[in-house]
Visitor: 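Pasting a structure here, questions to come.
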Number of protein chains: 2
Amino acid sequence: MNLKEYIMQTTLSNINVKDILKKANLKITPQRILILEVIKEKGHATIDDIYNQVKKQYPSISIATVYKNIHNLYEKGVLREINPQKDKAFYEITIYNHSHFICTSCHNIYDIEPCDNQIIQQCFKEIPGKISELELNVYGICENCAKK
Amino acid sequence: MNLKEYIMQTTLSNINVKDILKKANLKITPQRILILEVIKEKGHATIDDIYNQVKKQYPSISIATVYKNIHNLYEKGVLREINPQKDKAFYEITIYNHSHFICTSCHNIYDIEPCDNQIIQQCFKEIPGKISELELNVYGICENCAKK
DNA sequence: CTTATTGCAAAGGTTTTGCATCGCT
DNA sequence: AGCGATGCAAAACCTTTGCAATAAG
């Protein structure tokens, strides 16, 4: 099973970080393992989140290493990027095609179930090309923040 | 008619840049007019697009002025931001709620008709909060690039 | 005339790069 | 042993800020 098949058919809790690195043809280093573990743990993490968290367990890590690895893993398709309006980029492990609910109050990101692409495409009269991917971000106030 | 009502009910070609500035309580300066004209002309423009284009007609403009104005206009709701995956932010005049088709080959952005939010919300089993806005980006290869 | 806006230059932040060293496989 | 990955420091970007001069209403 190749990388794409492996990550798209699994769930976050079942993901094995070392398997991903092997399938991506990347050497297994403690820095990489920790970077992916942090993203897996948090669900959605910024560069700062990752750097600060990994540094706790591996103080000698350099921010350059974080950037290089995030870039590599993104290029290989292991990570996806989420760009909320006027906020920093977040990274997540590409598990399956899902969407995001972004709370404009606490800035948390919640995964929401995949939306049927067929249905979305039917909403549009005309699309000027061939679709390869949909990115749907839903903004609002999450239930936690609404309570306050 | 207030700013929000004015920009949401008009079309790009009908937009009067000076009216927008008046309704936004911003002084009408040549720099501001040009900035908005460039965005209107291009449809979707990056900071660099705007700076380079305005400079042709107004060479003394400073990049700081561009940043300050984009920021102001965004805060007032005149502009919206589009953040394509691994690309710079683009700005557009907020006319009505529409979506974007982003060509992964030529990086052009095409406006597509608004998708019915009701329909989209029905796609999701559960959403962890109250929705205020939807942002839908469609990635693919545009017809122009497909021909090549 | 008053106050917002501009342009400049400096500061602050973020991301990338080159290179010598280190460590997976 | 060989080649890719790391860490460091510098460089390259990108964005914001403070302030004096200028221009809009």
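Convention: sequence-line order gives letters A, B, ...; per-chain numbering from 1.
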Visitor: Using a cut-off of strictly less than 4.0 Å, decide whether Y67(B) has a side-chain nitrogen or oxygen near OP1 or OP2 of dT15(D).
Guide: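 For Y67(B), the contact criterion (side-chain N or O under 4.0 Å from OP1 or OP2 of dT15(D)) is met.
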Visitor: Nearest whole angstrom, please: distance from the P of dG4(D) to the NE2 of H71(A).
Guide: 17 Å
Visitor: Any side-chain N or O of K88(A) under 4.0 Å from OP1/OP2 of dT14(C)?
Guide: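 For dT14(C), OP1/OP2 do have a side-chain N/O of K88(A) under 4.0 Å.
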Visitor: Taking only the side-chain nitrogens and oxygens of S62(B), find out if one of them lies under 4.0 Å from OP1 or OP2 of dC8(C).
Guide: no
Visitor: For I63(A), report the nucleic acid contact type (base, sugar-phosphate, nothing); a contact means any heavy atom under 4.0 Å.
Guide: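 The residue I63(A) makes no contact with any strand.
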Visitor: Rounded to the Å, how far apart are I33(B) CD1 and dG25(D) P?
Guide: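 In whole Å, dG25(D) P and I33(B) CD1 are 9 Å from each other.
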Visitor: Does dG4(D) have its OP1 or OP2 closer than 4.0 Å to a side-chain nitrogen or oxygen of N72(A)?
Guide: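 So the side-chain polar atoms of N72(A) never come under 4.0 Å of the phosphate oxygens OP1 or OP2 of dG4(D).
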Visitor: Return no unless some side-chain N or O of T29(B) is found under 4.0 Å from OP1 or OP2 of dT5(C).
Guide: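 The answer is no; no side-chain N or O of T29(B) sits under 4.0 Å from OP1 or OP2.
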Visitor: Heavy atoms only: give me the nearest Y110(B)-C103(B) pair and the separation to one decimal.
Guide: CE1-CB, 4.3 Å
Visitor: State whether N25(A) places a side-chain N or O below 4.0 Å from either non-bridging phosphate oxygen (OP1 or OP2) of dG4(D).
Guide: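 So the side-chain polar atoms of N25(A) never come under 4.0 Å of the phosphate oxygens OP1 or OP2 of dG4(D).
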Visitor: Return whichever of P30(B) or D48(B) has its heavy-atom-nearest nucleotide of DNA chain D closer to the 5' end.
Guide: D48(B)
Visitor: What does I28(A) touch in the nucleic acid at a heavy-atom separation under 4.0 angstrom: a base, only the sugar-phosphate, or nothing?
Guide: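 Sugar-phosphate, backbone atoms only, no base.
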Visitor: Without decimals, in angstroms, what is the distance between K55(A) NZ and dT6(D) P?
Guide: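 In whole Å, dT6(D) P lies 16 Å from K55(A) NZ.
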Visitor: Nearest to the side chain of K27(A) - dA9(D), dG23(C), dG25(D)?
Guide: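 Of the candidates, dG23(C) comes closest.
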Visitor: Could you check how far CD1 of I50(A) sits from P of dT14(C), rounded to whole Å?
Guide: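 One finds 14 Å between P of dT14(C) and CD1 of I50(A), rounded.
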Visitor: May I ask you to verify whether the side chain of K68(B) and the base of dT6(C) hold a donor-acceptor pair under 3.5 Å?
Guide: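 A donor-acceptor contact between them is absent.
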Visitor: Within this structure, what is the CG-to-P distance between N52(B) and dC14(D), rounded to whole angstrom?
Guide: 11 Å
Visitor: Between R32(B) (CZ) and dG7(C) (P), how many Å, whole number?
Guide: 11 Å
Visitor: Whole angstroms only, please: what is the CG-C1' distance between N69(B) and dA24(D)?
Guide: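 The answer, rounded to whole Å, is 14 Å.
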Visitor: Just N and O in the side chain of Q31(A): are any of them under 4.0 Å from OP1 or OP2 of dG23(C)?
Guide: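 The answer is no; no side-chain N or O of Q31(A) sits under 4.0 Å from OP1 or OP2.
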